[in-house]
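Accompanying notes for the structure given below.
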Amino acid sequence: MERYKTRPGVVLTEICGEYVLVSAKMNLGVCPYVTTVNETSAFLWNRLIEGADFASLMQAVREEYEIDDVSAAEDAVRAFLSQMIELNYIIPED
Amino acid sequence: MRNRVFEVEYAGHRVRYSFLFPTCRFYFRNYINVSESDEFDVRITPDLLELGRPLLPPDALEPYIEYRVLISETARELLKYGCSIFHACAFVYKGYAWLLTGPSGIGKTTQFFNWQRMHSNEIDMITGDMPVLESGNDGRIFVHSTSWCGKENLGKRGLHAPLAGIVLLEQGSENTLSPLSPHDAVFPFFRQFMVQPETEEQCIALASLMDRLLSAVPVWKLTNIGDNISTEMIRETFNKRILELDGGTDGTL
């Protein structure tokens, strides 16, 4: 089962309607201090916090955004994970 | 044996310091009270002192290094109360507090001096460097003085006022002033708060303060060459804002 976790010390916040990831000092040099993310990313971040695995993320995004096309949903989830892993905000679990 | 603890009040909240170097107290000047206590809120470690050393001139005295390192530790402590320390030149104009912010050396104090030279006695410096921003229950942000007044040592103990606007300064080859959206202000403003949170709780507290700050007041970006014209642009913008706030007056004394 493909699983990911959010990096400890990173928090999703909302500032004037913008979703912003804020990282604690322990992550200095590991991931950016502050990054704005879009609504879909914020939605998927919150599902990861709840413990969702890849399949659950796919299911959640299809339901939330009424996506029938499985490959479109997979693309959206993969794009989110890829960006977040690149920034070190998300860690793949073995 | 009880320790000597030094208390400083910020926006009505007491922070108790235990200094590594007792003479550090002198940098706080008349902001500080002494008491005997077993408890304190802030004490820096020798390791933190060493981290602060390269950021200051090589001949900086150790108590002064401690004093400067205490800025971020105090800013972190104040997050408990919905306050923190923001890097800006803060002054009062027509009953409201205004912030000129931006990186060190960008011209914040230059703008203040320009204004003072052109319109003497119109503005009163809260602090030239590190005001405390406090989120009030009524949605307003209040700006308070601190002993961290910048190299020109400009500031007035106890001076505070409700915030009405913020200008983010940038140097350029010409003068332009335009509104800055919260989206565009978020990233530079996180850098202007003098704290990087250590815990998730502090991340949330800082983001909440940022949300209230950017919801409460407009932000403008001034690209400027540091001349009198750019200062007049700021003054005109503030006068328009005062007109909005005071509802129908012409914004002049």
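Lettering follows sequence order; numbering is per chain, from 1.
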Counting only heavy atoms not in [X], do more than 12 fall under 6.0 Å of its [atom1]?
X	atom1	answer
B/H87	NE2	yes
B/K80	NZ	yes
B/E201	CD	no
B/K221	NZ	no
A/E86	CD	no
A/E50	CD	yes

Checking heavy atoms, do the side chain of [X], its backbone, both or neither come under 4.5 Å from chain A?
X	answer
B/L213	neither
B/E198	both
B/T199	backbone

- Nearest heavy-atom pair of B/V195 and A/Y33: which atoms, and what distance? O-OH, 3.2 Å
- Query: Residues two or more places apart in sequence or in another chain: which of them pass ring pair (Phe, Tyr, Trp, His ring centres under 6.0 Å) with B/F6?
  - Reply: B/F19
- Note on the structure: Sorted by chain and residue number, the ring pair (Phe, Tyr, Trp, His ring centres under 6.0 Å) partners of A/Y65 (sequence neighbours excluded) come out as A/F43
- Message: Under the criterion side chain to side chain contact (heavy atoms under 4.5 Å, CB included), I'd like the reasoning laid out for B/E200 against A/M26: C-alpha separation, chi angles, the key distance, then a yes or no.
- Response: CA-CA 10 Å; B/E200 293 186 1; A/M26 68 171 92; 5.8 Å; no
- Message: To the closest 0.5 Å, what do you measure between CZ (B/F187) and OG1 (A/T35)?
- Response: 7.5 Å
- Message: Return the CG to CD distance between A/L28 and B/Q196, rounded to the nearest 0.5 Å.
- Response: 5.0 Å
- Task: Keeping to residues at least two apart or across chains, list the side-chain hydrogen bond (donor to acceptor under 3.5 Å, both in side chains) pairs with something in residues 41-50 of chain B.
- Result: B/R16-B/D41, B/S18-B/R43, B/E50-B/R53
- Query: For chain B, which residues of residues 5-24 of chain A have at least one non-hydrogen atom nearer than 4.5 Å to it?
  - Reply: A/P8, A/G9, A/V10, A/V11, A/T13, A/E14, A/I15, A/C16, A/E18, A/V20, A/V22, A/S23, A/A24
